[in-house]
**Q** 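Handing you a structure now.
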Amino acid sequence: MSDKPIIGVVGVGYVGLTTGACLAHIGHTVVCGDVDVTKIDRLRNGEIPIVEEGLTEIVSEGISTGRLEFVVGATEVAERSDIVFLCVPTPQDDDGSADLSFIEAASAEIGPVLRSGAIVVNKSTVPVGTTVVVDEVIQRSDITVVSHPEFLREGTAVNDFLHPDRVVVGADDRSAAEKVAALYESIDTQVIITDAASAETIKYAANGFLAMKISFVNAVAAMCEAVGADVVDVVEGIGSDRRIGREFLRPGPGWGGSCFPKDSHALVHVAASHGYDFSMMRGVIAVNDEQRERMVRKVQHAVGTNDLNGMTISVLGLTFKAGTDDLRDSPSLAVIGRLRELGATVKAYDPTATGTLSLVQESFLSGISVQQSIDEAMSEGDVLVILTEWPEFTSLDLERAKALLSGSAIVDTRNLLDPQTVRAAGLTYDGVGRLA
Ligand code: UGA
């Protein structure tokens with residue numbers, strides 16, 4: 001392997017595309033491959049299939065400098081690269097475990113064509129022991145498999161890549177881990193080198209801990225409502241303790257997205273399959289499920305009836321969080337689903353779902369009347385429910401809300417609005433853990 005290894009990326013979803021483009025941005029030569037021919041065609045023209053801040057710019061930069069290339073499939077990637085990043089999906093199986101079929105298929109495809117001495121980097125989130133599984137599928141003594149978990153957040157993935165809190169590389173062969181770590185030489189961060197199983201565990205433990213923080217604050221918010229305290233003040237009070245910190249203590253409708261739900265279940269499953277009942281994590285998941293139901297009850301309370309037949313609910317926000325167009329496992333869609341089951345008609349607006357909906361959006365949003373503006377969504381709603389923390393909802397025009405809604409209630413599941421200002425505008429307000 002030369003001093004400047006060629007990097008391959010298999011799978012150009014959120015993680016693969018961000019990783020490939022960022023590695024090219026910091027000076028590496030990167031070949032990215034995906035089975036989706038249409039996606040590759042679009043990327044070759046600099047078209048980015050997802051909403052992700054800063055990604056379009058660095059993909060265009062990589063294409064124009066010649067350091068970033070897109071090819072169809074995994075074989076060419078493996079043939080041309082010294083270090084191959086596997087960034088394929090690991091969806092959740094019915095029993096809560098991670099489905100490794102994409103990882104196994106990609107490993108089987110690249111195995112026979114990998115360059116001698118190549119390193120395969122497992123970037124997908126996988127159960128402990130998958131480094132060994134990939135090694136067994138590839139079956140070549142001249143190839144080393146390394147675990148290298150990612151900690152990128154959707155919406156800030158480029159920034160997270162370029163300014164990471166740490167880089168973790170795990171391998172049973174330390175020199176292979178050091179070669180992967182060396183790719184980040186130009187980035188000022190701490191590098192943690194571990195064995196493969198520890199690196200795999202770090203990923204699940206990090207996501208599990210973050211989900212636990214959010215479930216904890218959501219439980220505290222429920223307690224605040226019961227005892228008459230305000231969660232905003234409580235979070236300020238506990239978050240200023242450096243041992244606790246302020247991050248990931250924003251109450252809301254529960255955590256969602258493509259990672260926390262699947263990884264939390266996988267963590268429980270991995271532990272159970274090794275004989276440990278991770279009851280704390282089961283509790284974290286249970287609080288999250290309950291939180292979505294609590295939001296539904298808030299809406300019922302706001303309109304004064306449990307039966308929502310004939311009610312129109314105006315919803316602001318569909319994505320699982322702001323800054324992304326990702327609808328996967330969105331708490332907003334879970335809450336909307338329950339409201340519809342209870343008979344409500346839902347009119348919704350989201351800044352990433354305007355114009356003609358894509359096929360992916362259509363599949364997630366069927367049955368929801370998607371509007372082109374906040375005003376249209378608010379028009380004649382019995383209650384306004386804020387479900388995603390898009391900045392534009394923070395400056396909601398309350399006079400217009402009052403004029404357009406047929407009801408007068410706002411349920412703010414992201415605590416974006418000031419309760420007193422809302423009440424002063426003649427509307428009722430219910431947030432999460434705020435003083436009544
Ligand atoms: C998460 C992790 O934050 C990343 O470090 C990790 O790399 C990624 O999963 C992954 O495994 O790939 P992401 O799913 O993009 O990133 O989203 P987060 O920003 O972590 O938010 C997850 C959910 O928690 C969202 O529904 C969000 O609204 C919610 N959340 C977050 C809260 O309700 N309160 C908070 O204080 C923070």
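Both ligands and their constituent atoms are indexed starting at 1 by order of listing.
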**Q** Between ligand 1 and S258, is the shortest N or O to N or O distance under 3.5 Å?
**A** no
**Q** Determine whether F161 and Y184 satisfy the following criterion, ring-ring contact (aromatic ring centres under 6.0 Å, His included), listing intermediate values before the conclusion.
**A** CA-CA 10 Å; F161 185 98; Y184 298 90; 5.8 Å; yes
**Q** Can you name the atoms of ligand 1, numbered from 1 with element, that are less than 4.0 Å from a heavy atom of D263?
**A** 11 (O)
**Q** So, is C259 polar-close to ligand 1, with some N/O to N/O distance under 3.5 Å?
**A** no
**Q** So which protein heavy atom does atom 3 (O) of ligand 1 come closest to, and at what separation?
**A** R153 CG, 3.3 Å
**Q** Considering non-hydrogen atoms only, spot the tightest contact between C32 and G20 and give its length.
**A** SG-CA, 4.1 Å
**Q** Relative to the heavy atoms of G256, which atoms of ligand 1 are at a distance of less than 4.0 Å?
**A** 22 (C), 23 (C), 25 (C), 26 (O)
**Q** Just going by heavy-atom distances, which of F320, F260, F151, Y204 is nearest to atom 2 (C) of ligand 1?
**A** F260
**Q** If you compare all heavy atoms of D326 against all heavy atoms of T324, which two are closest, and at what distance to 0.1 Å?
**A** N-OG1, 3.0 Å
**Q** Strictly distance-based, threshold 3.5 Å: is any side-chain N or O of D93 a donor or acceptor partner for the main-chain N or O of S97?
**A** no
**Q** To the nearest 0.1 Å, how far is atom 29 (C) of ligand 1 from its closest protein heavy atom, and which atom is that?
**A** I214 CD1, 3.9 Å
**Q** Out of R414, E389, K321, E154, who is nearest to atom 17 (O) of ligand 1 when you count heavy atoms only?
**A** K321
**Q** Answer yes or no for G257: is there a heavy-atom contact with ligand 1 below 4.0 Å?
**A** no
**Q** Return the residue, atom name and 0.1 Å-rounded distance of the protein heavy atom closest to atom 34 (N) of ligand 1.
**A** R250 O, 2.9 Å
**Q** Kindly give the heavy-atom pair with the smallest separation between A24 and V30, and that separation in Å.
**A** N-CG2, 3.7 Å
**Q** Thinking salt bridges, do E154 and K321 make one under a 4.0 Å N-O criterion?
**A** no
**Q** One thing to verify: whether D329 and R292 come together as a salt bridge, which I'm taking to mean a side-chain N less than 4.0 angstrom from a carboxylate O.
**A** yes
**Q** Please identify which atoms of ligand 1 are closer than 4.0 Å to at least one heavy atom of L249.
**A** 36 (O)
**Q** Regarding D277 and R282, does a basic nitrogen lie under 4.0 Å from an acidic carboxylate oxygen?
**A** yes
**Q** Please test I336 against V315 for side-chain contact (heavy atoms from CB on, under 4.5 Å), starting from the C-alpha separation and ending with a verdict.
**A** CA-CA 8 Å; I336 289 173; V315 164; 3.9 Å; yes
**Q** Evaluate V158 against E53 for side-chain contact (heavy atoms from CB on, under 4.5 Å), listing each step before the verdict.
**A** CA-CA 7 Å; V158 172; E53 198 180 331; over 6 Å; no
**Q** Among T125, N218, L152, whose heavy atom sits nearest atom 7 (O) of ligand 1?
**A** L152
**Q** Does ligand 1 have an atom under 4.0 Å from some heavy atom of K213?
**A** no
**Q** Within ligand 1, which atoms have a heavy atom of K203 less than 4.0 Å away?
**A** 6 (C), 7 (O), 10 (C), 11 (O), 12 (O)
**Q** Which ligand 1 atoms does E150 reach within 4.0 Å, using its non-hydrogen atoms?
**A** 7 (O), 10 (C), 11 (O), 12 (O)
**Q** Does even one non-hydrogen atom of N207 get within less than 4.0 Å of ligand 1?
**A** yes
